[in-house]
A.B. asks: 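Dropping a structure here in structure tokens format, bear with me for questions.
All values derive from a computational prediction rather than experimental measurement. Counting starts at 1 for both ligands and their atoms, following the listed order.
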Amino acid sequence: MENKFSERIRRLPPSKFVEVMRLTMGRPDIIRLELGEPDFDTPQHIKEAAIQAINEGFTHYTSTEGLLELREAVARKLKRENRIEADAKTEILITDGGLGAIYAAIQSLVNPGDEVLIFDPAWPRYFQNVLLVGGVPKRIFLEEKDGFVPDVDEIKKHVTKKTKLVILNTPNNPTGAVVPKNVLEEIGDLAVERDLLLLVDEVYERIVYEVKHFSLATHSNLKNHIITVFSLSKTYAMTGWRIGYAVSHANIVKAMSEVGAYANPCRTSFAQKAAIAALDGPQDCVDVMVKEYRKRRDLMIERLKEMNAFSVTKPTGAFYLYPSLLLDIESPAFTKQLIEKAKVAVMPGIAFSTKGEKYVRISCANSMEKISEAMNRIQRVVRQIMKS
Ligand code: PLP
């Protein structure tokens with residue numbers, strides 16, 4: 001059967017996420033700290049906007065680029081929160097979540113053989129999407145000692161004549177690192193100098209703690225070089241609604257829109273109405289969630305440090321911890337033991353990095369009570385490993 005599959009599909013590596021999911025599926029006894037989605041419910045006023053749209057019969061095709069009314073709400077939000085000026089009619093595209101924007105950008109811009117620079121560790125979908133179009137993902141490794149922040153000189157070393165695109169993600173999944181403004185600006189200057197394109201994934205923009213998020217698209221002269229991706233998934237606990245958006249040069253937006261249309265002629269009509277309510281409506285729901293993630297992060301850091309089995313870098317964004325194991329065990333075996341012995345699921349670092357054998361990603365997307373219990377259970381397994 002496999003020989004009938006396209007080469008495109010055959011070059012994709014097996015997903016490490018799926019391996020963990022297989023072990024946790026149908027197991028309500030397991031405390032889930034491996035998931036990459038908010039545990040909160042979508043705020044009520046957002047749900048009501050969708051219900052109202054359905055009741056009013058707003059259930060048909062919409063335009064491929066997304067409802068103009070939503071693109072206008074996005075333009076207002078970009079100006080208000082990100083300081084990005086964008087024309088709602090030509091420079092903004094509504095997509096199937098942040099991933100829909102990433103897929104459309106890579107499909108539109110990357111030719112077979114083009115090199116794409118991706119920092120490692122990273123969300124694995126970047127690599128997979130580049131491989132899907134026959135592009136060549138080139139890893140630039142980030143170090144724990146540098147707080148997993150990229151360095152512009154490292155990027156320079158990796159740029160060749162074939163380099164087309166650089167993918168950045170801030171705040172970062174899995175490390176939680178937020179790239180400082182000055183580093184982003186240096187990367188922006190390099191993109192202009194070397195005529196590179198930048199795909200900047202800012203889907204965790206609102207989930208930041210001690211620092212401020214900065215959108216590189218505001219940096220001067222970058223308009224022809226940057227595609228910025230946002231999403232409602234994480235900010236408003238709307239992962240299942242599949243609404244994201246991209247902002248870029250009008251020509252890039254047009255190309256992305258055409259590519260997107262091949263798979264899906266439009267985004268879900270009533271989900272777009274809900275998205276308008278999310279962007280234009282009260283934002284205190286976001287603050288409540290971020291405050292809670294912060295409390296959970298602090299609790300997890302404290303508990304992990306007490307165990308003397310992890311080196312923990314304090315994340316300033318997103319809702320993950322990416323500690324390294326100080327024990328004599330690698331993360332795939334460790335995560336398996338956690339599921340079997342402690343009934344706690346976390347992600348092994350190898351899901352995000354080819355150098356992730358000593359790392360695990362632990363998600364804060366669970367209640368304080370569950371996190372506290374999970375930490376007790378992890379501690380017991382850690383003690384057993386230390387003794388053996
Ligand atoms: N980018 C990053 C870094 C992510 O972690 C995710 C989801 O986990 C996405 C993009 C895509 O999110 P969505 O397609 O739900 O907006």
A.B. asks: At a 4.0 Å threshold, what atoms of ligand 1 neighbour a non-hydrogen atom of Gly97?
C.D. replies: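 Listed by number with element: 14 (O), 16 (O).
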A.B. asks: Would Ser233 count as being in polar contact with ligand 1, using the rule that some N or O on each side must be under 3.5 angstrom apart?
C.D. replies: yes
A.B. asks: Quick test: of every protein heavy atom, which one is nearest to atom 1 (N) of ligand 1, and how far off is it to 0.1 Å?
C.D. replies: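 For atom 1 (N) of ligand 1, the nearest protein heavy atom is Asp201 OD2, 2.5 Å.
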A.B. asks: Return yes or no for this condition: an N or O of Tyr204 is under 3.5 Å from an N or O of ligand 1.
C.D. replies: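 Yes - when backbone and side-chain N and O of Tyr204 are compared with those of ligand 1, one distance drops under 3.5 Å.
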A.B. asks: More than 12 foreign heavy atoms under 6.0 Å from CZ of Arg125: is that the case here?
C.D. replies: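 Check fails, neighbour count at 12 or below.
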A.B. asks: Got a second to check how far Leu327's CG is from Met307's CE, nearest 0.5 Å?
C.D. replies: 10.5 Å
A.B. asks: Strictly under 6.0 Å, is that where the ring centroids of Phe352 and Tyr126 end up?
C.D. replies: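 Here the rings of Tyr126 and Phe352 have centres that are no less than 6.0 Å from each other.
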A.B. asks: Is the number of heavy atoms from other residues, nucleotides or ligands under 6.0 Å of Glu7 CD greater than 12?
C.D. replies: no
A.B. asks: Would you mind running through ligand 1 and noting each atom that sits below 4.0 Å from a heavy atom of Ser231?
C.D. replies: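 By the 4.0 Å cutoff, the relevant atoms are 13 (P), 16 (O).
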A.B. asks: Could you check atom 12 (O) of ligand 1 against the protein and tell me its nearest heavy-atom contact, residue, atom and distance included?
C.D. replies: Lys234 CE, 4.1 Å
A.B. asks: Could you check whether any side-chain heavy atom of Tyr359 comes within less than 4.5 Å of a side-chain heavy atom of Glu144, counting everything from C-beta outward?
C.D. replies: yes
A.B. asks: Test Leu168 against every option in Asp201, Thr228, Leu184 by the side chain to side chain contact (heavy atoms under 4.5 Å, CB included) rule and name the one that passes.
C.D. replies: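 Going through Asp201, Thr228, Leu184 one by one, the side chain to side chain contact (heavy atoms under 4.5 Å, CB included) with Leu168 is satisfied by Leu184 alone.
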A.B. asks: What protein heavy atom sits nearest atom 14 (O) of ligand 1, and how far away is it?
C.D. replies: Arg242 NH2, 2.7 Å
A.B. asks: Does Lys305 count as lying over the ring of Phe310, i.e. NZ or CZ under 6.0 Å from the six-ring centre, within 45 degrees of the axis?
C.D. replies: no
A.B. asks: So, 4.0 Å and heavy atoms of Tyr126: is ligand 1 close enough to count as a contact?
C.D. replies: yes
A.B. asks: Numbering the atoms of ligand 1 from 1, which are under 4.0 Å from a heavy atom of Gly98?
C.D. replies: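 Within the 4.0 Å cut-off of Gly98, ligand 1 contributes 13 (P), 14 (O), 16 (O).
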A.B. asks: Quick one: which of Tyr204, Tyr209, Phe40, Tyr320 gives a ring-ring contact (aromatic ring centres under 6.0 Å, His included) with Tyr293?
C.D. replies: Phe40
A.B. asks: Could you tell me whether Asn169 and ligand 1 have an N or O pair separated by under 3.5 Å?
C.D. replies: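 N/O-N/O distance under 3.5 Å: no.
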A.B. asks: Checking a contact table here: which protein heavy atom is nearest atom 11 (C) of ligand 1, and how many Å away?
C.D. replies: Trp123 CH2, 3.5 Å
